[in-house]
Colleague: 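Sharing a structure here in structure tokens format.
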Amino acid sequence: MATDPVCGMKVDEKKALKLEQGRNVFYFCSEPCRKKFLSASSSNQPSQHQKPSIPSQSDFKKVQYTCPMHPEVVSDRPGDCPKCGMALEPKGIPSEGDEGLREIHELFLKFWWGLGLSLPVIGLAVGEMLPVVKGKGVAWVSHDVSSQLQLLFATPVVVWAGGFFFVKAWKSLINRSLNMFTLIALGVGTAYGYSAVASLFPGIFPDSLKKMGRPELYFEAAAVITVLVILGQLLEAKARSQTSQAIKALLGLAAKDAHRVRDGREADVPIEAVEKGDILRVKPGEKIPLDGVIVEGQSAVDESMITGEPMPVSKAAGDRVIGATINETGTFVMRTEKVGSETLLSQIVHMVAEAQRSRAPIQNLADRVSGYFVPAVILAAVLAFVAWAVWGPEPKLSHALVNAIAVIIIACPCALGLATPMSIMVGVGRGARAGVLIRNAEAMEKAEKVDVLLTDKTGTLTAGKPTVTNILAMPDSDERTLIFLSASLEQNSEHPLARSIVALAKEKAVALHAVEGFESVTGLGIRGKVNGKNVLLGRQKFLEQNGIVVSVGLQEKAASWQSRAQTVVWVAADNRSIGILGVSDPIKETTPGAIRALHDLGLKIVMLTGDNQKTAEVIAKELGIDDIRGGLEPKDKLEIVKEFKARGAVVMMAGDGINDAPALAEAHVGVAMGTGTDVAIESAGMTLVKGDLQGIVKAVTLSRAVMRNIRQNLFFAFVYNALGVPVAAGILYPFLGILLSPIIAGAAMSFSSVSVIGNALRLRKLTL
């Protein structure tokens, strides 16, 4: 056995990933560990006079472990949660060699060995119910032999296979956090301990505990309950493993290699060796290695794995491409802009992993109930024992013991604890596959109650790719000069309107000039010196604030363009207006359908834009938007969010620019467009990979489905225990003569957990 140099895990050399570096040979449990090792090796490259240094484990980020049910519990090593006893899982991004697979393997072995050893115990227990027939062939064994054999077979089941119950129960007592394992260990331990003493020392028991002159044994109950609980834990572990499939699937999308072009030569290199600014060639059918910009060529790119949209997107020089998407038709050359954790895919994986570990406020209810639940169950078991010991049929103490154990076993609160986190984990993963990234569970819970959507116009309702459709120069100027001064001033800006003006200059073959003293006035415009002229560009209000008189004729023409949903850009040079540009930004094809769907969901839609009110009204009328707020500055959007919150509305704000960040942070739920700025994305509770209003429909639909699923789980867990405990205590015995066997109680307890998990996993097939 070798040791993985990154995580320290023992690995089989025949099955592990092998890496040779000179005379050294290393073995890794998974590809992520191998990548970390290579990254550390490259950062430790020696000088010409040094020997190569082998990275140690201190060169790698230490893995932290957390509890699926209590994400606030964090540990530097694997183990059990001190609150609920569940196995801790690696925090963040799962790998092929994570602890979850090891846990499943161990539970699998314990289940089958436990089942095999339990069958003879069940057979012997059934034999105890039949008389011994002497002198007539082969007879059932005597009670003394049967009791010893049951002890022999049941001991490894309870002590070895189910030993972790008792370890976790002991930890729960030490940490003063009683949990499901406290009850399981109490029930199984009582049944097994009582039976072991009865088997070894039957003479010490009073007649009230004897039936047919001997104490009853409950080895079969202890063994079968242990096996059933292990089965429940195995199914639960497998289900929790499935919740991380969304992340693992995203990780599997990443390209492994890239065609790097340097000095006219093309070479294949590992993706880890690519740096920012590297030029890469992407051929048809290949995955795009990393995020970047096309510098040569054109193609159609399948972005469905990131955005969830099936139709390929046309790409040409100047367009951005996303790593892990698939190049379909043509060959192109791209310049790498983001590598490693900066790529969109890495950010998606990180956000999904963090969201799956976050807590929804509704989980606080389950936690409060669980805090009182275990003591209440123990009290109920004690009362059941006393009632049966005083008023029950003979043997009274035997009946009392059996029913007390049944109460303890059936009331394990694992289903209650799993109800919320399982739904959150599956729901976040489902959203990621549809291009809806949720930062935390709180945002998902709030999104369910949203009744007002405030949305930006450019890039959200519209395509965000405006073009200059009209140009009007003043008589003392000319069209070419207007384009030259405007495009020169706008050439360093990333605003969509700026790109449209620069594109116009390129189309008209107008050479641009460097800008001196460039200044941006947020929400109004820009200024600077171009070829010796002091140029201003922006809103009419911006020019007027700087003492520039705008002619009535120019205002009338601007109003005419605005009535046709064009944005008007005003240009002035040396303290006089020289013309205007009309820019059109077409509405996205998906926007009208998305607006209708949001109305069907009961949302009021308010459009916020910096455009002129008339332009905004034209678009709003066409789309059927409920309210319009035009001519806004960044601070105005923030105030509007506060205004609707003060009215008692639950507000969702959608935007993509830096100026939207304050409003996104103030809203109950901020939704950033993945095509927008990093500041906007960081300020939002949700991010839509594709900047499309349809993503908001998906987000609201998903949040409502997840919260409905959580309530179903909580209802089932509460009702199950409310009905199960009195039945296990024997409430039906006086009327129907029915008693619940501890074995049936154990099966029912496991079934409740599996039912909750199964209900949560239904979200994976939710249609969005």
Colleague: Which value, rounded to the nearest 0.5 Å, describes the distance between Leu109 atom CG and Trp113 atom CH2?
Modeller: 9.5 Å

Colleague: Enter the distance from Arg764:CZ to Arg433:CZ here, rounded to the nearest 0.5 Å.
Modeller: 7.0 Å

Colleague: Can you tell me if CG on Leu723 sees more than 12 non-hydrogen neighbours from other groups inside 6.0 Å?
Modeller: yes

Colleague: Start with the C-alpha distance between Val157 and Leu115, add both sets of side-chain angles, then the distance that settles side-chain contact (heavy atoms from CB on, under 4.5 Å), and finish with yes or no.
Modeller: CA-CA 8 Å; Val157 177; Leu115 179 62; over 6 Å; no

Colleague: Can you tell me how far CZ of Phe153 sits from CD of Gln148, rounded to the nearest 0.5 angstrom?
Modeller: 12.5 Å

Colleague: Under a 4.0 Å N-O cut-off, is there an ion pair linking Glu445 with Arg704?
Modeller: no

Colleague: Heavy atoms, side chains only, cut-off 4.5 Å: are Ile405 and Val188 in contact?
Modeller: no

Colleague: Walk me through it: do Trp170 and Phe165 pass the test ring pair (Phe, Tyr, Trp, His ring centres under 6.0 Å)?
Modeller: CA-CA 9 Å; Trp170 177 248; Phe165 300 163; over 10 Å; no

Colleague: For the CG atom of Leu117 and the OG1 atom of Thr155, what is their distance to the nearest 0.5 Å?
Modeller: 10.0 Å

Colleague: Please report the shortest heavy-atom distance between Ile230 and Gly162, naming the atom on each side.
Modeller: CD1-N, 4.3 Å

Colleague: Do Ile424 and Ile710 touch side chain to side chain, with heavy atoms closer than 4.5 Å?
Modeller: yes

Colleague: Determine whether Val145 and Leu124 satisfy the following criterion, side-chain contact (heavy atoms from CB on, under 4.5 Å), listing intermediate values before the conclusion.
Modeller: CA-CA 10 Å; Val145 174; Leu124 290 165; over 6 Å; no

Colleague: Taking side chain as C-beta onward, heavy atoms only, is Leu107 less than 4.5 Å from Phe164?
Modeller: yes

Colleague: Between Ala729 and Ala384, what is the shortest heavy-atom contact and its length?
Modeller: CB-CB, 4.0 Å

Colleague: First locate atom CG of Asn709, then atom CG of Leu714, and finally report the distance between them rounded to the nearest 0.5 Å.
Modeller: 10.0 Å

Colleague: Using the side-chain contact (heavy atoms from CB on, under 4.5 Å) rule, take Tyr733 and Asn403 through it: C-alpha gap first, then chi angles, then the decisive distance, then the call.
Modeller: CA-CA 11 Å; Tyr733 183 78; Asn403 285 283; over 6 Å; no

Colleague: With a 4.5 Å heavy-atom cut-off, do Lys110 and Trp160 have their side chains touching?
Modeller: yes

Colleague: State, with a plain yes or no, whether a side-chain heavy atom of Leu763 is found less than 4.5 Å away from one of Ser423.
Modeller: yes

Colleague: Under 4.5 Å between any side-chain heavy atoms of Pro393 and His399, yes or no?
Modeller: yes

Colleague: Atom OG1 of Thr226 and atom CZ of Phe111: how far apart are they, to the nearest 0.5 Å?
Modeller: 12.5 Å

Colleague: Is there a side-chain contact (heavy atoms from CB on, under 4.5 Å) between Tyr194 and Leu401? Walk through the geometry before answering.
Modeller: CA-CA 9 Å; Tyr194 170 84; Leu401 181 64; 3.6 Å; yes

Colleague: Which word best sums up how the rings of Tyr192 and Phe219 line up, parallel for under 30°, tilted for 30 to 60°, or perpendicular for over 60°?
Modeller: perpendicular

Colleague: If I compare all heavy atoms of Lys396 with all of Val390, which pair ends up nearest, and what's the gap?
Modeller: NZ-O, 3.3 Å

Colleague: Check whether any side-chain heavy atom of Val436 sits under 4.5 Å from a side-chain heavy atom of Leu768, and report yes or no.
Modeller: no

